[in-house]
**Q** 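Pasting a structure here, questions to come.
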Amino acid sequence: MIWKITSLIFHRPKQVLSSISNPFSRQRILLSTFPANSPDLKTLCSNRQLKEALLEMGIQGLEVEFQGYDSVLTECISQTAIREGQRVHAHMIKTCYEPPVYLRTRLIVLYNKCRCLGDARRVLDEMPERNVVSWTAMISGYSQRGYASEALHLFVEMLMSGTAPNEFTFATVLTSCTSSSGFQLGRQIHSLVIKTSFESHIFVGSSLLDMYAKAGKICEARRVFDGLPERDVVSCTAIISGYAQLGLDEEALDLFRRLQREGMRSNYVTYASVLTALSGLAALDHGRQVHSHVLRAKLPFYVVLQNSLIDMYSKCGSLTYSRRIFDSMPERTVISWNAMLVGYSKHGLGREAVELFKLMKEENKVKPDSVTFLAVLSGCSHGGMEDRGLEIFYEMVNQKDGFEPEIEHYGCVVDLFGRAGRVEEAFEFIKKMPFEPTAAIWGSLLGACRVHQNVHIGEFVARRLLEIESENAGNYVILSNLYASAGRWDDVRTVRELMKEKAVIKEPGRSWIELDQTLHTFHASDRSHPRKEEVFAKVRELSIKIKEAGYVPELSCVLYDVDDEQKEKILQGHSEKLALAFGLICTPGGTPVRIIKNLRICVDCHNFAKFLSRVYGREVSLRDKNRFHHIVGGTCSCGDYW
DNA sequence: GTAGGGTTAG
């Protein structure tokens, strides 16, 4: 039978093919007679008569049909038209004997784009043969949707099948190596990259350096970056954001400026990354400069960029600007809301946070997530709205918003009780939690015990805390403060001894102030600043002056075994006092002073700033690790609880 | 036909 058709088509192609009106039936007959790429088919297509016959009918053989599928699928991909794509897929199965690899790959791309990863994978699994493009398309699908381990497994499978990865494969698979488990494989992939000489390929290199940066290996990342023979926006942005994401804000800013001088072009991603660094530094002048740059560049609206502007202004202390940007946005993501809520929370504006949260729920366009609740709850805590905070938490527990509280949310509740002086309730709450309390939760309760002078619970909590987190110097400081406030000096001494034995000071304290776009950084007892003598003299002067108004140095903040005079000297060398004094020296009277500290502010420095604001009539805005302290006329917006 | 960087919290 087959040879008869073959023979007929071969000898009388016009008659045979024109007698079949349906083009798909024509193709089916052709294909069932001659499987694609078979030598017979090639012979057939070299038949002049047949070619003419096909051309007359507007069909140039199989490729015409395939090209039809190809263009329809391309259209489906660009429009994310899944329904139409599925229809074409079904049609193709019915009519094509053996769709070529590139058509099946199009299907994989289409299904991935439409988030139908299972369908895409099925297409790949059913392929009689695969090439590097089809493998890479599927790996990319997994990577882009966050299925890192699936992406990595498939990559390994690809290697085992004997298919060699290309630059596309490396660039995509390395983005899945950012988890700690993936990083091990990432290093191995790096050696493959070197073997195939792709390390200096700009896409592969960017992906590689990003992997190292996200693993905290910034030096490795920088090495890859420096080895790139050419740079573009993406590779530059990757290294800048690498620094910024690790909190190396100054390095990020310096590199950004250097690359800019060297002619780097920036886009909205670059700006968003730089703004992250500027938020960390609270460098308002720089931030404003970037903002005006963005405005002048007349970029289209990018949610991500606006979100980082909201964050930058709020972390630089200008909440009004944050809100202005927030209000002007034509569309918002959950991050826009969160950034604004976090801003209110860090500034202690509980009422504003709760109002905004209400608005978010009324608008009902964006679903609150874990961060939203953290921001609202800690906003209530910092803003003195304990009851409202508890209400929101219990609404969460009752699943009113479709979101179950996680351990961090329980931590916020401990904070809420603690702040309200309900230390016993906080303690009971921890005991009944469905989670094992973390060091952060015990730490929060210990802080409450110090402020509300509950030595009884405080001792218990501290003992637990020193068991699970014996190396954290902060815990010893709080416990010692607690004992000191109860006048238990022997215990203060014991804690000090214990601390000497076990505690590690992880991060040295430092404070900084921005004056005319320059950041001035001070470390404790800093002797390196060019104007150190002047600064130290100013601290002594301020100290004498505010003592007249009632300031008493909080010597229990010093855990060194030295005499009181020495202790006072150590206190005077705290970095936030140096930065504050420098601010007073450099700015005219009445100007508000903005200080940033990398750790929590200490009790003595907090007191110092309060007295100073009253005696000198200076507004002090101090951002510490946890929140803003707006200190005016002797009182602080934190209500002395932080 | 397949590819790299980004925003909140911790």
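Proteins come first, then strands; the chains are lettered A, B, ... in the order of their sequence lines, and each starts at number 1.
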**Q** Give every donor-acceptor pair under 3.5 Å between a side-chain atom in residues 210-221 of chain A and any protein atom, sequence neighbours left out.
**A**
residue  : atom : partner  : partner atom : Å
A:Asp210 : OD1  : A:Lys214 : NZ           : 2.9
A:Asp210 : OD2  : A:Lys214 : NZ           : 2.6
A:Tyr212 : OH   : A:His190 : ND1          : 2.6

**Q** Describe, in one word, how the ring planes of A:Trp642 and A:His629 are oriented to each other, choosing from parallel (under 30°), tilted (30 to 60°) and perpendicular (over 60°).
**A** perpendicular
**Q** So, do A:Tyr313 and A:His291 have ring centers that fall under 6.0 Å from each other?
**A** yes
**Q** In this structure, how many angstroms lie between the P atom of B:dG1 and the CG atom of A:Leu110, rounded?
**A** 15 Å
**Q** Quickly work out the A:His201 NE2 to B:dT2 P distance and round it to whole Å.
**A** 15 Å
**Q** Only one of A:Phe357, A:Phe326, A:Tyr344 passes ring-ring contact (aromatic ring centres under 6.0 Å, His included) with A:Trp337; say which it is.
**A** A:Phe326
**Q** Donor-acceptor pair, distance only, cut-off 3.5 Å: does the side chain of A:Arg231 make one with the backbone of A:Cys236?
**A** no
**Q** Can you check the A:Phe170 CZ to B:dT2 C1' distance for me, whole Å?
**A** 14 Å
**Q** Could you encode protein contacts along nucleotides 4-10 of chain B as a string, one character per nucleotide from 5' to 3', using B for base contact, S for sugar-phosphate-only contact and - for no contact, with a heavy-atom cut-off of under 4.0 Å?
**A** BBBBBB-
**Q** Could you state the atom-to-atom distance from CH2 of A:Trp135 to C1' of B:dG1 in whole Å?
**A** 17 Å
**Q** Among all residues two or more places apart in sequence or in another chain, which pass the ring-ring contact (aromatic ring centres under 6.0 Å, His included) test with A:Tyr410?
**A** A:Phe393, A:Phe429, A:Phe435
